[in-house]
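Here the structure comes first, spelled out in structure tokens, and everything after it is commentary.
It should be emphasised that the depicted structure is a prediction, and the values quoted were computed from it without experimental measurement. The chains referred to below are lettered A, B, ... by the order of the sequence lines, with proteins before strands, and numbering in each begins at 1.
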There are 2 protein chains.
Amino acid sequence: MTKPPHAGSADVAAARLRSIPEASVARLAVYLRMLGELAEQGAETVSSDELAAATGVNPAKLRKDLSYIGSYGIRGVGYEIAALVRQLERTLGLDHLRAVALVGVGNLGHALAGYSGFGGRGFPVTALFDVDPDLVGIHINGIVVEHVRSIPQVCAERGVTIGMIATPGPAAQGVCDLLVSSGVRCILNFAPVVLQVPHEVEVRKVDLAVELQILAFHVARKHLAGQDAATVNGHIIEHASNGSGGMLP
Amino acid sequence: MTKPPHAGSADVAAARLRSIPEASVARLAVYLRMLGELAEQGAETVSSDELAAATGVNPAKLRKDLSYIGSYGIRGVGYEIAALVRQLERTLGLDHLRAVALVGVGNLGHALAGYSGFGGRGFPVTALFDVDPDLVGIHINGIVVEHVRSIPQVCAERGVTIGMIATPGPAAQGVCDLLVSSGVRCILNFAPVVLQVPHEVEVRKVDLAVELQILAFHVARKHLAGQDAATVNGHIIEHASNGSGGMLP
DNA sequence: GCAACTTTGTGCGTGCCTTCACAAGCGACT
DNA sequence: AGTCGCTTGTGAAGGCACGCACAAAGTTGC
Ligand SMILES: NC(=O)c1ccc[n+]([C@@H]2O[C@H](COP(=O)([O-])OP(=O)(O)OC[C@H]3O[C@@H](n4cnc5c(N)ncnc54)[C@H](O)[C@@H]3O)[C@@H](O)[C@H]2O)c1
Ligand SMILES: NC(=O)c1ccc[n+]([C@@H]2O[C@H](COP(=O)([O-])OP(=O)(O)OC[C@H]3O[C@@H](n4cnc5c(N)ncnc54)[C@H](O)[C@@H]3O)[C@@H](O)[C@H]2O)c1
């Protein structure tokens, strides 16, 4: 295959990066966190079956995911956790910190700004922006909120590589343009709008209303699937809110 | 095909629900929101090309998505927005409200509880839970925070069908079990743990750290992909913030 | 040193999703 | 009324992802 008999050089890693399926990247991040927990509990090695069970994926899929990053497990034993963690961090680009800027320090923005899970995982929130004069100037977690117009300057100074947008929907595109013009190429968007960006910019959207709607769809589907499932637990209330919608033949 | 010459009957919808691809459901929700905006702006019809451009998807994919819900556009014209919205809402199960319970009213939970985007879209947050005695009893947006131990009773009383978990990671599984035993079959989980649930329960996880790691991976990939992409546009800044490749010590 | 057992890495079939391309249908204009 | 242009709906093909199943490779026990 494309895999040379010996690995570890930088260009091998570079070649692999291009070919890791997006879906696998998402799972690798989950494995990484679980491995961290296992390491804390004192485990030294872990088998694909164990790790798969803990993360809720198929063991074969997990092994295939890990094979993309060229990490070598030990047959008959499993994976050495410490080495695997190192390898995963390198592959995911976590071997150096990524400064994050957060724009929009409202309800959601406050929660995000105060969240330790970002900095603790290599994504220090390094800059905060808003337009509200009442917010500009205050400190959150030791970081001062700056005015949006400072985005280009501050992002450049602090080497921001990732932007998070938590403004109201109508403001999001403008903020996004500002970030992009400041050199930010990766954006995590919480506003319920589809951002238009140049092709070289990567946007991921966190859309909670959509998540709920997907769940609601499944609720509806379960309804239509019939009563058999509904009585499994014996006392499902099922909340038959109306008579016209639930038409079951 | 499976499509009868005339549609609109309820069992046709029922049959279709089962066969809509998961990926399409997620996009349908996005179309729905965009259609709402278009309607507000006074538009009466929209073509697949316009709607696709606005939501950032391929026009053919959009038409196929819409074909799953059996909505009929008008050839040569486009889709009648009002009718399409109605049809989408029926399909996604938005024709009746889905009561939502939120467990964990900390930083993130406060933002979620105060967010009007849920109730406004058919997902009223109807119950709040926490274990912190300082929080139990306070009101947020007119809803009183109850103790976690009341979950079964309150969820049953208020017909909760969807649960959101915003507790610390270690508490999430226990909370999840409580929700499930109360009849909640759909869960949106913000805690960074993989929940174990019976197969009939649907869990969706919102994992922001993973989102950032996916973005970080793309940052790394762009770096390694080389300069060719960086010069495509002629004046990409590439933000050579420091000589060592953007890593902060 | 050998045999039995365990676990990795992956080739391969299967099914889903995406995308192209085009026929069919509808309205507008002459 | 007929024709032209535009848009939908979908057949078909390609690509991607998933998961099975097994050979290769290592460990443990004797
Ligand atoms: N609160 C939630 O739980 C939640 C959930 C899902 C999605 N969202 C989305 O996240 C976004 C923020 O939600 P929120 O509840 O925090 O709203 P919010 O109104 O509390 O906060 C928005 C903040 O953005 C600031 N802002 C407005 N225009 C700006 C601009 N041009 N540049 C910079 N900052 C600007 C405001 O001053 C305010 O501080 C919204 O788009 C919302 O739809 C929020
Ligand atoms: N704050 C963020 O922006 C953010 C971002 C991503 C993920 N998260 C995740 O969301 C979760 C909540 O984050 P947070 O920042 O709000 O934390 P937090 O500590 O501010 O809030 C947690 C809340 O859960 C309550 N709680 C603890 N144990 C409970 C139990 N057994 N039952 C019910 N409630 C319980 C606590 O009393 C507290 O009010 C965490 O798992 C965190 O990793 C938060």
### Query
Rounded to whole angstroms, how far apart are CG on D65(B) and P on dT8(D)?
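About 14 Å, once rounded to whole Å.
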### Side-chain touch L108(B)/F190(B), heavy atoms, less than 4.5 angstrom
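L108(B) vs F190(B): side chains touch.
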### Task
Quick one: which residue pairs count as a salt bridge (charged side-chain N to carboxylate O under 4.0 Å, His left out) with a foot in residues 29-45 of chain A, not counting sequence neighbours?
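Only R33(A)-D207(B) qualify under salt bridge (charged side-chain N to carboxylate O under 4.0 Å, His left out).
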### Query
So, for V193(B) and K205(B), which heavy atoms are closest and what is the spacing to 0.1 Å?
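Nearest heavy atoms, V193(B) then K205(B): O-CD, 3.6 Å.
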Which residues pass the side-chain contact (heavy atoms from CB on, under 4.5 Å) test with [X], sequence neighbours left out?
X: A29(A); result: L92(A), V210(B), Q213(B)
X: K64(A); result: S67(A), Y68(A)
X: E22(B); result: I214(A), H218(A), E202(B), R204(B)

### Query
Of the options V30(A), T55(A), V46(A), which is the one that meets L35(A) in a side-chain contact (heavy atoms from CB on, under 4.5 Å)?
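Going through the options one by one, the only one that passes is V46(A).
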#### Entry: Given dA17(D), dT19(C), dT10(C), the nucleotide with the shortest approach to the side chain of P21(A)
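Looking only at heavy atoms from C-beta outward on P21(A), the closest nucleotide is dA17(D).
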#### Entry: Contact residues, residues 24-36 of chain A to DNA chain C [heavy atom, < 4.0 Å]
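Those residues: none at all.
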### Query
Does N58(B) place a side-chain N or O at less than 4.0 Å from the phosphate oxygens OP1/OP2 of dC20(C)?
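Yes.
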Using the 3.5 Å cut-off, write out each protein N or O paired with an N or O of nucleotides 6-8 of chain C and the distance between them.
unit_1, atom_1, unit_2, atom_2, d
dT7(C), O4', G76(A), N, 3.1
dT8(C), OP1, S48(A), N, 2.6
dT8(C), OP2, S48(A), OG, 2.5
dT8(C), O2, R75(A), NH1, 3.0

### Message
Determine whether a donor-acceptor pair (one donor, one acceptor, N or O, separation below 3.5 Å) exists between the side chain of K64(A) and the base of dG19(D).
### Response
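A donor-acceptor contact between them is present.
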